[in-house]
**Student:** 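Here it is, the structure, as structure tokens.
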There are 2 protein chains.
Amino acid sequence: MYTRAAGRPYHHGSLPETLVAHAVELLDEGGAEAVTVREVARRAGVSPSAPFRHYPDRAALLAAVGEAVAMDFGAAQMAAVESADALPFRALGAAFVHYALAHPHRFALLRGGVFGAHRTPAMEEGHRVFVDGITELVVAGQRRGELRQGDAEMIRIAAQALVYGLSQMFVDNYLDASRADALINQVIDLFGLGVLAPDGEMREAAEGV
Amino acid sequence: MYTRAAGRPYHHGSLPETLVAHAVELLDEGGAEAVTVREVARRAGVSPSAPFRHYPDRAALLAAVGEAVAMDFGAAQMAAVESADALPFRALGAAFVHYALAHPHRFALLRGGVFGAHRTPAMEEGHRVFVDGITELVVAGQRRGELRQGDAEMIRIAAQALVYGLSQMFVDNYLDASRADALINQVIDLFGLGVLAPDGEMREAAEGV
DNA sequence: ACATGAATGTGTTCACTGATCACATTGGAG
DNA sequence: CTCCAATGTGATCAGTGAACACATTCATGT
């Protein structure tokens, strides 16, 4: 049973935003499966069916949470690339992994949202901007002669996969989070130079293509 | 209400295995969340509470599913590395991504299982063998002068992150699965050579460390 | 051969969840 | 000031994980 608190007026005023805020809270506490419509309603001090006025179903609520989280993530990435005097790639990669480490459950949601198939139209745009920005950075690096020539899009994808996978490994406790910084730097260095031995036959054969 | 089918004997005989088999079926059909204890019981033709005799709770059943899937995955990886005459890394990476593409839901489960924090003791051993095998391959490559010197463990982690992230991107429909083979090869090539331009200043500075 | 205890399956029940719907309340447009 | 659309409520439904007492069967020792 639910009975409205005495003080609060019948109409909440800004329920959608409040719901999302509490949902993010629950997400951070116990992952997506802990985000139950009822508990969100409970925290908002509202009846169990009230959220359905604003979100057709639980998935829609989670999608709204995904959008909110995506905004926050995007802002963090922007901040990182701007505060980096040099080596923007390293800064971006580190910021990406750090966000995943700081908010593992948000990262899991982003995986299915921003980077997944469940992108809402609103997120589509932000994501495109983000990705295009990175590709731009790659092209600029190529123009300066720093980065290898070739399909910039493909280079971006490889870099993204690397950072993405590294983040996931940390989140899954597969790697020791306390060694995160050192590992990130080593992995990025390796990605810069390549795993093939310098002056080795294999490298020269591959380079000669 | 549930009533036992007329023909079947009271005791099933091999319920645990049957339950896991049906659970894997459900996993492939609709992901982990589609694996409900009741539906598994239903398919096994057994009462809703029967599974709890063999698995203390749903999580334990899913763990058993994880083990079964891990075996299958491990076998696929072994087969790939053995059938590869040369370039075992490429074969391994491709097999990894292909498994993820063929069984996206299994891959998601493995993420939290084999590669995650929820490893059962039984999986721990298999995983160790797998990882040690890869590190061995790296060390062998270094001895032959093919691969760059340095911490073999770190090289393994980087390669794993790359393949892991690439798999996830395909699974999440972030990348076009029909272009998988070409992309895998390009990304692995890039990982071999490194993204820094050959004969560039940045590479020489980094190499000189 | 047979009794008996352990293992396994059944039925029922509970609390919780997502979802729906008729109804209550209220703010704002006219 | 009235009425209506938006918003919140309460009750209810089916499906879920889980616990429990009970039923059935298997296996083991004598």
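Values below: every heavy atom of this structure, side chains too, minus hydrogens, waters and symmetry copies. Each chain gets a letter, A, B and so on, in the order the sequences are listed, and its residues count up from 1. All figures in this text were calculated on a predicted structure; none of them were measured in a lab.
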**Student:** Working to the nearest 0.5 Å, report the span between CG of A/L92 and CG of A/L137.
**Tutor:** 6.5 Å

**Student:** Taking A/Q142 for the side chain and A/G150 for the main chain, is one N or O donor matched with an acceptor at less than 3.5 Å?
**Tutor:** yes

**Student:** Quick one: pull up CG in B/L101 and NE2 in B/H98 and give me the separation to the nearest 0.5 Å.
**Tutor:** 6.5 Å

**Student:** To the nearest Å, how far apart are B/Y55 OH and D/dA19 P?
**Tutor:** 17 Å

**Student:** To the nearest angstrom, how far is A/R53 atom CZ from D/dA5 atom C1'?
**Tutor:** 11 Å

**Student:** Nearest heavy-atom pair of A/E33 and A/R58: which atoms, and what distance?
**Tutor:** CA-NH2, 3.9 Å

**Student:** Report the distance from atom CD of B/E33 to atom P of D/dG17, rounded to the nearest whole Å.
**Tutor:** 11 Å

**Student:** Less than 3.5 Å apart, any donor N or O on the side chain of A/Y174 or A/Q168 sitting next to an acceptor on the other?
**Tutor:** no

**Student:** Rounding to a whole Å, what distance do you find between B/L15:CG and C/dG9:P?
**Tutor:** 5 Å

**Student:** Can you check nucleotides 16-19 of chain C for protein contacts, nitrogen or oxygen pairs under 3.5 Å, and list what you find?
**Tutor:**
{"residue": "C/dT17", "atom": "OP2", "partner": "A/R42", "partner atom": "NH2", "Å": "3.1"}
{"residue": "C/dG18", "atom": "OP1", "partner": "A/V37", "partner atom": "N", "Å": "3.0"}
{"residue": "C/dG18", "atom": "OP1", "partner": "A/R58", "partner atom": "NE", "Å": "3.4"}
{"residue": "C/dG18", "atom": "OP2", "partner": "A/V37", "partner atom": "N", "Å": "3.0"}
{"residue": "C/dG18", "atom": "OP2", "partner": "A/R38", "partner atom": "N", "Å": "3.3"}
{"residue": "C/dG18", "atom": "N7", "partner": "A/R38", "partner atom": "NH1", "Å": "2.5"}
{"residue": "C/dG18", "atom": "O6", "partner": "A/R38", "partner atom": "NH1", "Å": "3.2"}
{"residue": "C/dA19", "atom": "OP2", "partner": "A/R58", "partner atom": "N", "Å": "2.7"}

**Student:** Are any of B/H54's side-chain N or O atoms less than 4.0 Å away from OP1 or OP2 of C/dA7?
**Tutor:** no

**Student:** Working to the nearest 0.5 angstrom, can you tell me the gap between A/R43 CZ and A/T18 OG1?
**Tutor:** 14.0 Å

